[in-house]
Amino acid sequence: MTTIGVDVGGTFTDLVSRDTDTGQITVAKRPTTPAAPELGVLAAVDAAVPPESLARCAYFVHGTTVGLNALLERRGATVGLITTEGFRDVLEIRRGDRDDPYDLFWTPPPPLVPRRLRREVAERVAADGTVVRELDPEGVRRAAAVFAAEGVDAVAVVLINAYANAAHERAVPAALRDAGFAGEVSLSHEVSGEYREYERTTTTVVDAFVRHRMGPYLRNLDRGLRARGFTGRLLVTRSGGGALTLEEAAARPFETILSGPVAGAAATARLASSLGRSTAIAADVGGTSFDTALIEDGVLPLLFQGEVGGLPLQSPWVDVRSVGAGGGSVAYVDAGGLLRVGPRSAGAVPGPACYGRGGTEPTVTDAALHLGLIPPGPLAGGIDLDRDLATAALAPLAAPCGLPGADAVAEGVMRIAAAHMAHAVRGVTVERGVDPRRAVLVAFGGAGPLFGCLLAGELGASAVVVPANAGTFSAVGLVQADLVRGAARTLVRPLTDAALAEALTLAGALFTRLFTRLAGRGGGGEPADAVREIDLDLRHLGQEHTLAVRVEPGDTAGGVRARFTARYRRAYGHDMPGPLEIVTVRATVRAGLPGGPAPLPAPAAAGAPGERRDIDLWSFHRKRFVPSRAVPRAALTQATPGPLVVVEPTSTTYVDAGFTVAPHECGTLLVTREEKTL
């Protein structure tokens, strides 16, 4: 039996196929096809997975940015909104605050639903679930007529306090169908069982907006795999970690918005635990972006609300920070004569200038190639790197920004990109009171190992770990994924033993709902190895914001309070007296895939011990080119001082002067810096 993981990035599509019986793995890297991402996925399958292996595949686990890109690019469904009278303008009123209080020209992002498509209906449910005013079906029919005239593809239904009593929301789809509406309908109580009308409205609208892209994409991918002999189950990773079935992902696309970057963070958590590292920083550098997350004690940093493009989403969310700094990030000179890098990317088409595919703008990859950090020649995915094209693209930037030539431009591009990355890392470390110098950097992605030493210098870190299969490490995280489902319901109660018992009863109902929903979508019942987790959002009475605390078997209100107090002290540096309040109950179920948690063996790296090459390599430490060598990963058998590069099929590791690289018994590379370079 095999498990296949495929991660679709902005430039490359990465695949890892694992035989769960023998542990043997196969990796592949193919250019992404932005116009139809499923074609890039299928091309990677055709290149790396024989038909007999695909036929034996039980799980095809997929990480995708289709939903995220649809949201960022505002290319989704035409959405209509049905809401309670008086709440038509919730999307524009927002929270009444400013995302950037110091920007005098800041304006909120435009709502996904224009005002003419936001229709009110007469009804009212109180916060305790009591029906104050019955639903007027005629209002729904009038809204349907407007939607038909405006070409609406999907409708979001958000009635006030529907999380407490969903009877009115459940009646709306039938009224829409009776009026002739045939598109998708998203109901807020199915999307989010939590209070806060602005966040719940936004999440439901986003769900309706992206399913127009996600549904067809997943169905096309599934058809393509079935045509090639795949008979297993297609899974899609969640923003909160783990994976959903195809049917669930199509029905709840808002849960997959951050599907892509999460897998790398999850793989980092497993690797850090296996290495005995309590604090690790994921440093994933792809073709388009840099993604980072802080891992403490092997635990993913899980939030229960995220934000994309200024829009809040009520969904479990691994706290991965992203910036537009990747191999394809374009370098340019601004109006003031300063050298800039990103966030715009050359992407997969046309790609960096050195790809020879028509691109002429200089990128981070061009800078790395010019400096010798990437050896010229064949690159994964059938691309041949041309150093002359890279130099020709970089050279015109020298005069406008007052630099002496292409060497200085290339060095500046790499340092600026590293500074952007380091700033993102400080956002998940220093801003939380964590010293990045105590952490180990786990550098992966196609360009991550290129930046390991530069990031270590920016952050003061003393060690960088480069995992096996670094260039496809996010796809490695996919084949290690668990099957995860979650649900939440707002329940505002003072924290007492009686309220805790009520919360546990509600959690039991949520678990039942999860598996009823799964069975209704062809997913079967509760797996035998399923693990149930219950979390409570708690706060001090009178406060607005909450912290989530895990409820352990046999817990009392006092035990829950003690854990909340410890977490509160860690987050804010002090304690507070007074009563606590339960706000939300969260139920999560996770079950492992066959062979998923087992560590993957190191790959057979390309090359043999006799294939070292002499190269000229730029040393950022010495600020000049130095004679060096490119060493195949298989040839690196002992600790070796830099400067050098370690090459393998899917990535290249740059080791600067003042650093030493050594192979680890688990297949990783450990890059450490000398004390005198600190």
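We number each residue from 1, following the sequence as shown. As a basis for the values below, the full set of heavy atoms in this structure was taken, side chains included, without hydrogen atoms, waters or symmetry mates. Given the structure is predicted, the values throughout are model-derived calculations rather than measurements.
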Would you please say whether a donor-acceptor pair under 3.5 Å links the side chains of Ser315 and Ser239?
no
Can you name the salt bridge (Lys or Arg N to Asp or Glu O under 4.0 Å) partners of Arg570, sequence neighbours left out?
Glu296
Where the side chain of Asp482 meets the backbone of Val484, is there a donor-acceptor pair that is under 3.5 Å apart?
no
Short N-O contact, Lys29 and Asp14, less than 4.0 angstrom:
yes
Which pairs, with at least one residue in residues 625-644 and sequence neighbours excluded, count as a ring pair (Phe, Tyr, Trp, His ring centres under 6.0 Å)?
Trp618-Phe625
Side chains of Leu313 and Gln305: does their closest heavy-atom pair fall under 4.5 Å?
no
Main chain of Ala353, side chain of Asp366: is a donor-acceptor contact present, judged purely on distance under 3.5 Å?
yes
Given the rule in the side chain to side chain donor-acceptor pair (under 3.5 Å) test, do Ser259 and Thr237 qualify, once you have shown the distances and angles that lead to the verdict?
CA-CA 5 Å; Ser259 171; Thr237 49; 2.6 Å; yes
Do Phe12 and Ile383 have side-chain heavy atoms sitting under 4.5 Å apart?
yes
Can you run down the ring pair (Phe, Tyr, Trp, His ring centres under 6.0 Å) pairs that involve residues 422-465, sequence neighbours left out, and say none if there aren't any?
Phe444-Phe473
Between Ser628 and Asp616, is any pair of side-chain heavy atoms under 4.5 Å apart?
no
Side-chain (Thr365) to main-chain (Gly327) donor-acceptor, under 3.5 angstrom:
yes
Arg673 side chain vs Ala461 backbone, donor-acceptor pair below 3.5 Å:
yes
Salt bridge check: are Glu361 and Arg344 linked by an N-O gap of less than 4.0 Å?
yes
Is a donor from one side chain sitting under 3.5 angstrom from an acceptor on the other, for Tyr332 and Asp334?
no
